[in-house]
J.: 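Dumping the structure here so I can ask a few things about it.
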Amino acid sequence: MVEQETGAKAGPEPLRTLADYRRVAKGGVAFGVRYAVLRPGRAAVGETVQITEWGPSEL
């Protein structure tokens, strides 16, 4: 979205194309992931993270 050498806006791509097929039922566009904290605590770089459950897709 931004020309790296000049800092000028380079146009609506790639967001326009991605938004065509990433629309969610509630409205808007889904990018990335969403997580929930089940047990507060500290995490350090290099520690293992275990996925215990997947929720339903929002797409």
Side-chain angles (χ1 to χ4, degrees):
M1 300 277 309
V2 175
E3 172 60 49
Q4 295 299 302
E5 291 182 17
T6 65
K9 281 194 155 200
E13 295 298 340
L15 295 181
R16 178 181 289 165
T17 298
L18 292 170
D20 283 344
Y21 64 92
R22 303 289 300 195
R23 296 263 175 217
V24 293
K26 296 178 184 175
V29 180
F31 290 105
V33 295
R34 184 169 56 179
Y35 296 99
V37 176
L38 301 178
R39 186 177 58 208
R42 291 180 174 255
V45 173
E47 283 187 324
T48 301
V49 175
Q50 184 178 9
I51 308 293
T52 57
E53 184 178 329
W54 290 101
S57 172
E58 293 187 7
L59 295 178

J.: Does anything in residues 37-56 form a side chain to side chain donor-acceptor pair (under 3.5 Å)? List the pairs, not counting sequence neighbours.
T.: none
J.: Mind checking side chain to side chain contact (heavy atoms under 4.5 Å, CB included) for Gln4 and listing every partner two or more places apart, or none if nothing turns up?
T.: Val2
J.: Using distance only, find each side-chain donor-acceptor pair of residues 5-13 under 3.5 Å and give its atom names and separation, not counting sequence neighbours.
T.:
| unit_1 | atom_1 | unit_2 | atom_2 | d |
| --- | --- | --- | --- | --- |
| Thr6 | OG1 | Ala8 | N | 3.2 |
| Glu13 | OE1 | Thr17 | N | 3.3 |
| Glu13 | OE1 | Thr17 | OG1 | 2.6 |
| Glu13 | OE2 | Thr17 | OG1 | 3.4 |

